[in-house]
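Below: one structure, written as structure tokens.
A, B, ... follow the sequence lines: proteins, then strands. Residue 1 opens every chain. These numbers come from the heavy atoms of this one structure, side chains and all, not from hydrogens, waters or symmetry mates.
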Amino acid sequence: MIQAPKGTYDLLPADQGARQLLESHAQRILAAAGYSRIETPAFESTELFARGVGAATDIVQKEMYSFDDGGGRSLTLRPEGTAPVCRAYIEHGMHKLPAPVKLWYLSAFFRAENPQRGRHRQFWQVGAEVIGAAGPEADAELIVLLAELLEAMGVSGTRLRLASLGQPETRGAYRAELTEYLHAHSESLSAEVRARIELNPMRAFDASDPGTRAVMAAAPKLIDRLAEEDAGHFAAVRELLDAAGLRYEIDPTLVRGLDYYTRTLFEFTSDALGAQSGVGGGGRYDRLIEQLGGQPTPGIGWAAGVERILLAAPARPRAAEVVDLLVAVADRDAHGARAAAFEVAREARRAGLAAQLELTGRSLKSALKHADRLGARYVAIVNDAEQSVLRDMTGGEQRELAAGAVVAAILRGSRL
RNA sequence: GUGGGCGUAGCUCAGCUGGUAGAGCUCCUGGUUGUGGUCCAGGCGGUCGCCGGUUCGAAUCCGGUCGCUCACCCCA
């Protein structure tokens with residue numbers, strides 16, 4: 001049997017309701033704030049991600065689906081949405097639009113990771129980006145909008161963590177300082193932390209062993225090394241969040257695996273999720289547009305995992321689809337019956353009814369049973385070109401009438 | 001990529017001290033001359049994830065592989 005590829009899954013009819021709910025909430029919340037929807041290609045030049053996301057990141061180094069397009073170009077299935085949106089911004093000269101440009105998307109992304117709950121190889125993200133606004137209001141607004149989306153979806157046990165990365169130069173200097181500090185105290189660190197000093201010194205803040213924790217308690221924090229303007233920006237963002245009544249915690253250990261972040265960084269987690277606790281997050285990327293070949297333009301955005309939102313949100317029973325009318329034929333061989341039934345269904349739909357034609361050729365008894373399962377309000381039993389019976393499934397009353405009069409009878413509404 | 005758990009009909013599962021597969025639900029048909037929801041009867045449906053090994057014989061034991069899942073890692 002051919003199965004869906006590892007880490008992918010089918011979105012079956014039963015799954016559509018929850019996703020449509022998410023989509024409509026996103027549409028409502030973001031459109032109200034002036035965000036327009038955008039959809040970029042599912043694949044892009046590999047170079048876009050190498051330059052945008054960062055060549056040293058895990059995503060680029062080992063998680064991209066890259067392939068040759070046959071013409072010597074290297075393409076990659078998009079692993080994230082920010083770089084493509086920025087590419088589109090530059091390519092379409094959106095800097096000429098009234099600033100800032102506010103965009104949102106709900107799209108599939110691809111990462112060659114080992115799948116587990118809430119982590120797939122093809123996954124969906126809803127995301128929002130603000131390009132061309134440097135002020136802290138943009139940061140705070142985006143965070144609030146994501147909080148509202150999560151709340152609207154009923155995502156439980158959420159926590160917001162906040163940090164500021166400052167500028168890349170600051171971060172580089174800080175990283176060197178931290179690495180040096182860790183080396184100086186390496187004898188007190190756990191073996192794993194020690195082994196990862198060069199690879200990812202920030203991880204040491206998350207360690208649980210007492211030795212490492214003691215060392216880290218006195219370790220230098222990036223937040224204390226921020227340049228004045230960056231620290232001021234961060235303080236302003238926090239003031240706005242405080243004023244909005246949004247609860248958050250400052251987490252100097254917050255790290256994201258994308259190189260393009262500057263200044264504000266945030267992440268929402270949910271305790272309903274297990275190890276993949278992040279439901280959504282993002283940050284500011286003031287250097288990205290320029291790095292991709294555009295004019296220096298500030299930007300900020302977030303992305304949230306659709307699967308994770310749905311996992312952390314309460315399951316909602318699927319709403320039954322409405323069926324106003326099922327059209328069946330009493331005797332398939334009766335002269336003109338099938339054509340008449342076909343026409344009744346068409347006419348009903350043109351009149352705005354949800355009308356299904358019995359398509360399998362099952363017996364009348366089975367057709368009625370089928371109508372019952374569908375929850376059909378009426379069944380039209382067509383005898384021939386002229387004669388038919390309209391049955392109200394609620395009570396079982398029925399009456400004979402011309403096939404051409406069926407729709408009008410239903411629209412009249414009423415009792416038969 | 002690494003490690004643990006799991007993999008039997010569409011779904012939920014039983015069967016596993018080895019002897020060539022079962023239940024419930026779903027679906028389909030019928031229950032006396034066209035009419036549903038209850039009930040009754042019958043039927044469709046599985047190369048027991050796949051490949052190989054042990055054995056006279058394997059869904060049941062062993063190995064490999066694929067997939068799911070949990071964790072590491074990383075991220076949404």
Nearest-Å distance, [atom1] ([X]) to [atom2] ([N])?
X	N	atom1	atom2	result
R362(A)	G43(B)	CZ	P	21 Å
R161(A)	A76(B)	CZ	C1'	13 Å
L273(A)	C74(B)	CG	P	18 Å
L160(A)	A76(B)	CG	P	15 Å
E113(A)	C70(B)	CD	P	14 Å

Please measure how far the [atom1] atom in [N] lies from the corresponding atom in [M], and state the result in whole Å.
N	M	atom1	value
A23(B)	G46(B)	C1'	14 Å
G10(B)	C44(B)	C1'	12 Å
C28(B)	C66(B)	C1'	34 Å
G4(B)	G45(B)	P	40 Å
A59(B)	U17(B)	P	14 Å
C25(B)	G64(B)	P	41 Å
G18(B)	C56(B)	C1'	12 Å
G5(B)	A76(B)	P	31 Å

From [options], nucleotide with atom closest to [X] side chain:
X	options	value
K6(A)	G67(B), G30(B), G36(B)	G67(B)
L364(A)	A71(B), G30(B), U35(B)	U35(B)
K365(A)	C70(B), G1(B), U35(B)	U35(B)

Open item on the list: Between R119(A) and E113(A), does the salt bridge (charged side-chain N to carboxylate O under 4.0 Å, His left out) criterion hold? Intermediate values first, please.
Closed with: CA-CA 8 Å; R119(A) 188 166 86 181; E113(A) 294 187 279; 3.7 Å; yes
Both distances under 3.5 Å, Watson-Crick or G-U wobble: report the partner of [N], or none.
N	answer
A71(B)	U2(B)
G42(B)	C28(B)
U17(B)	none
C50(B)	G64(B)
G57(B)	none

Open item on the list: Could you walk me through whether Q27(A) and Y35(A) satisfy the side-chain hydrogen bond (donor to acceptor under 3.5 Å, both in side chains) test, starting with their C-alpha distance in whole Å, then the side-chain angles of each, then the deciding distance to 0.1 Å, before giving a yes or no?
Closed with: CA-CA 9 Å; Q27(A) 164 71 38; Y35(A) 291 70; over 6 Å; no
Salt bridge check: are [X] and [Y] linked by an N-O gap of less than 4.0 Å?
X	Y	value
R87(A)	E44(A)	yes
E267(A)	R308(A)	no
R159(A)	E249(A)	yes
K62(A)	D58(A)	yes
E343(A)	R350(A)	yes
D392(A)	R377(A)	yes
R287(A)	E169(A)	yes
E23(A)	R37(A)	yes

TODO: Name every residue in residues 139-150 of chain A that has at least one heavy atom under 4.0 Å from any atom of RNA chain B, in order of residue number, or write none if there are no such residues.
DONE: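 Under 4.0 Å from RNA chain B: no residue of residues 139-150 of chain A.
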Side-chain donor/acceptor of [X] to base of [N], under 3.5 Å:
X	N	result
R117(A)	U69(B)	no
R111(A)	A76(B)	yes
R373(A)	G37(B)	no

Pick base, sugar-phosphate or nothing for [X], based on heavy-atom distances below 4.0 Å to the nucleic acid.
X	value
T360(A)	nothing
G127(A)	nothing
A371(A)	nothing
G7(A)	sugar-phosphate

TODO: Using a 4.0 Å cut-off on protein heavy atoms (strictly under), produce a 5'-to-3' string for nucleotides 44-50 of chain B with B for base contact, S for backbone-only sugar-phosphate contact, and - for none.
DONE: -------
Side-chain N,O ([X]) to OP1/OP2 ([N]) below 4.0 Å:
X	N	value
R119(A)	C70(B)	no
S366(A)	G30(B)	yes
T57(A)	C74(B)	no
Q3(A)	C66(B)	no

Open item on the list: I'd like to check, for F123(A), whether its ring lies over the base of A76(B) with centroids under 5.5 Å apart and a plane angle smaller than 30°.
Closed with: yes
Task: Residue closer to the 5' end of RNA chain B, V382(A) versus G305(A) (nearest nucleotide) - done: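 First, find each residue's nearest nucleotide; the 5'-ward one identifies V382(A).
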- [ ] Could you pick out which residue, K369(A) or E63(A), lies toward the 5' side of RNA chain B when each is mapped onto its nearest nucleotide?
- [x] K369(A)
Task: side chain to side chain contact (heavy atoms under 4.5 Å, CB included) partner of R263(A), the single match among D286(A), L226(A), L165(A) - done: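 For R263(A), the side chain to side chain contact (heavy atoms under 4.5 Å, CB included) check succeeds only for D286(A).
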- [ ] On the 0 to 90° scale, with breaks at 30° and 60°, tag the F268(A)-F266(A) ring pair as parallel, tilted or perpendicular.
- [x] perpendicular
Open item on the list: Please report the interatomic distance CD1(I223(A)) to CG(D230(A)), rounded to the nearest 0.5 Å.
Closed with: 11.5 Å
